[in-house]
Amino acid sequence: MENLISLVNKIQRACTALGDHGEASALPTLWDSLPAIAVVGGQSSGKSSVLESVVGKDFLPRGSGIVTRRPLVLQLHKIEEGSREYAEFLHLPRKRFTDFVAVRKEISDETDRETGRTKQISTVPIHLSIYSPNVVNLTLVDLPGLTKIAVDGQSDSIVQDIENMVRSYIEKPNCIILAISPANQDLATSDAIKISREVDPTGERTIGVLTKIDLMDKGTDAVEILEGRAFKLKFPWIGVVNRSQQDINKNVDMIAARRREREYFASTPEYRHLAHRMGSEHLAKMLSKHLETVIKSKIPGIQSLISKTIAELESELTRLGKPVAADAGGKLYAIMEICRTFDQIFKEHLDGIRPGGDKIYNVFDNQLPAALKRLQFDKQLSMENIRKLITEADGYQPHLIAPEQGYRRLIESSLTTIRAPADAAVDAVHSLLKDLIHKAISETVELKQYPGLRVEVGTAAIESLEKMREDSRKAALLLVDMEIGYLTVDFFRKLPQDVDKGGNPTHSLFDRYNDSYLRRIGTTILSYVNMVCATLRHSIPKSIVYCQVREAKRALLDHFFTDLGKLDPKRLSALLNEDPAVMERRTALAKRLELYRSAQDEIDAVAWSK
């Protein structure tokens, strides 16, 4: 059984060392799920004396007013008979205290470090472990004494602050409340009983301790309370007789004090029949036994919490990624793998596995055709412009059959306007590819680990896209220029038909360029331009896909990979210079995961052995 409490103590210490005590989480912390005993009482109720009696050592600060100003998490560890007693503080690792006067001073000093030399309180606990052959395995939390008024040097809110602190511990369902009340005061006014009743109305978690029984007025006793007739709790009341102030001043040791306590209950007629369950020694044993029972009952819940938390920690560690490799080869491999992951995510966006690639098709299916339709050929094919260009093209000698040079100039000036929609389509696809790169970077979990690498990969990818855009622009505009540079022959073969339809080359130049004739030329040219637009509507997307989209899928990071192989180890390390906050988080999570797995194994072993 002692092994079970020792295990819980071990887990609690590890939780505290890793900051798992009270950390905000979607799940309760492991610390909160582990049963512990909180010592509650008003000022001057004898709370500190009870704790010292249980431990068998003078180690707590003493004085007037609020002496305990921070929670003291006290873990007792039973060691082999004959071993030397010692104490350890969590904030002073590897330092052993064998002088308990020094322990008392360190508690005071550590309190002052947190609160300053004032009478204020702090919720930050002090963690103290005591190893002794004269103790039982136990965990106790000594809380500041409840008070009714603030004294000089304290804030007006201190009364409520202390109560809130106490409640934060005793409200937990796994907390056992050790309620300390002085027997020489009316129990109805006991601060400990009052607050315990509020959080534990059935008394299932409350153990009552009555102090100062030997200081009661003559002719009075605490028998009715100790027998459970005056104020009944689920567990029997335990009476203790603490050392008097005179005993403390004379440095009467705890062994002698315990002996005198036993003699008091055995020799006092009113309490003789209760002597077997009175005293600090019985209190310590009963608390240890009760704590073991509670721990056993909570094992299934603890196991469930540990399993859930392990899954939660593993998931977050996976999200944070693996730690950086130490050697240059390992770092290069890690960078390549991360880049391949990014590249794969980018391709999945293009291929429709992830959203975004469909917007590129929208450029080809809607944006480009709409831009081509919006082209205004009215200016190029107005009567005035047709007459002007055809006349100028003839020069000093009028054309014989059809104004071929005029046709060419009109067609060229019209087709030149198609360059703008082609250019715009290239830019639109470039912009969409850039957006997909940003998405892929944000979705590559590993890149979040390394801000430097994230910037370099993003820059390299954008630079590749810029080069691909320029190549694509040249190719798309070249398609337009090819249509401008060579007109379809079949179109010109239709021109002589104008003679059969009334065109007479013997007419004067003025007559031949009448409105009807010019209108027919404009209609013919517009028909040809529309035919070319229909062709380019299909060929421009093919060119863009070939030069931009296909190339981005094939070789987005090729130049980056080439340059990567030339980097020295120092530069590789700089690329994997992880965010310090992420590194700290991963380290903390790994340690916590190790703790939970160890706790899982040990608790499972205890559960199976039951």
Side-chain angles (χ1 to χ4, degrees), residues 1-14 34-37 39 48-60 72-90 92-107 127-142 176 178 207 209 238-243 247-248 250-266 275-296 602-603 605-606 609-610:
M1 290 298 185
E2 289 179 349
N3 289 336
L4 189 56
I5 294 182
S6 296
L7 170 60
V8 170
N9 283 350
K10 173 184 173 184
I11 295 172
Q12 286 175 327
R13 288 198 307 277
L34 298 173
I37 301 171
V39 185
S48 295
S49 295
V50 170
L51 282 173
E52 289 185 330
S53 295
V54 169
V55 176
K57 286 290 179 183
D58 289 311
F59 69 97
L60 293 174
L72 176 66
V73 180
L74 176 62
Q75 292 186 331
L76 306 181
H77 307 268
K78 187 174 182 62
I79 57 179
E80 293 182 1
E81 291 292 335
S83 300
R84 188 176 185 182
E85 297 172 310
Y86 65 93
E88 290 181 341
F89 287 94
L90 188 65
L92 294 173
R94 295 181 296 278
K95 181 176 180 179
R96 288 189 176 186
F97 290 77
T98 54
D99 180 359
F100 282 81
V101 174
V103 171
R104 178 188 297 129
K105 183 177 184 303
E106 181 57 32
I107 293 174
H127 294 267
L128 172 64
S129 294
I130 294 178
Y131 300 80
S132 170
N134 302 317
V135 299
V136 293
N137 290 306
L138 200 56
T139 297
L140 300 162
V141 183
D142 184 23
I176 301 165
L178 191 63
I207 297 173
V209 177
I238 298 175
V240 297
V241 175
N242 297 326
R243 291 180 302 167
D247 291 338
I248 294 171
K250 290 182 178 180
N251 293 321
V252 175
D253 65 57
M254 288 297 176
I255 304 301
R258 285 178 176 178
R259 184 174 61 253
R260 286 169 56 178
E261 182 184 42
R262 288 195 301 269
E263 291 172 354
Y264 174 83
F265 285 112
H276 65 284
R277 60 178 181 84
M278 295 291 120
S280 55
E281 287 182 291
H282 172 75
L283 174 62
K285 292 175 182 177
M286 190 277 287
L287 288 176
S288 181
K289 184 176 181 180
H290 181 60
L291 183 58
E292 291 165 3
T293 303
V294 173
I295 291 171
K296 272 191 170 183
E602 296 191 51
I603 290 177
V606 171
S609 64
K610 289 197 301 180

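Everything quoted here is computed from the prediction, not taken from an experiment.
Between the NZ atom in K289 and the NE2 atom in H282 there is a gap of 9.5 Å [rounded to 0.5 Å]. The line from CG of L287 to CD1 of I238 is 6.0 Å long, rounded to the nearest 0.5 Å. To the nearest 0.5 Å, atoms CZ (R262) and OG (S280) are separated by 8.5 Å. Summarising the geometry, atom CZ belonging to R104 is positioned 8.5 Å from atom CD1 belonging to I107; distances are rounded to the nearest 0.5 Å.
Scanning both residues, A284 and L138, for their nearest heavy atoms gives O-CD2, 4.4 Å. Closest approach of F100 and A87 over heavy atoms only: CE2-CB, 4.2 Å. Here the closest non-hydrogen pair linking I79 and R84 is CD1-O, 3.7 Å.
Under the ring-ring contact (aromatic ring centres under 6.0 Å, His included) rule, F97 has a single partner from Y86, F59, F89, which is F89. Of the candidates L74, V54, L178, L178 is the only one forming a side chain to side chain contact (heavy atoms under 4.5 Å, CB included) with V39.
Side-chain contact between Q75 and T139: present, with at least one pair of heavy atoms (C-beta onward) separated by less than 4.5 Å. Looking at L76 and S132, their side chains never come closer than 4.5 Å, going by heavy atoms from C-beta outward. Contact of the N134 side chain with the M254 side chain is not registered, since no non-hydrogen atoms from C-beta on lie closer than 4.5 Å. In this structure, the side chains of L60 and V55 stay at 4.5 Å or more apart for every pair of heavy atoms. With contacts defined as side-chain heavy-atom distances shorter than 4.5 Å, the pair E88/Y131 qualifies. E85 is not listed as a side-chain neighbour of I130, based on a closest heavy-atom distance of 4.5 Å or more. Under the 4.5 Å side-chain criterion, counting only non-hydrogen atoms from C-beta, H290 is in contact with I176.
The main-chain N or O of V241 is found under 3.5 Å from a side-chain atom of E261 such that the two form a donor-acceptor pair. Within the 3.5 Å criterion, the main-chain N or O of S53 finds a donor-acceptor partner in the side chain of R258.
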Show the numbers, then the answer: is there a side chain to side chain contact (heavy atoms under 4.5 Å, CB included) between K57 and V103?
-> CA-CA 10 Å; K57 286 290 179 183; V103 171; over 6 Å; no

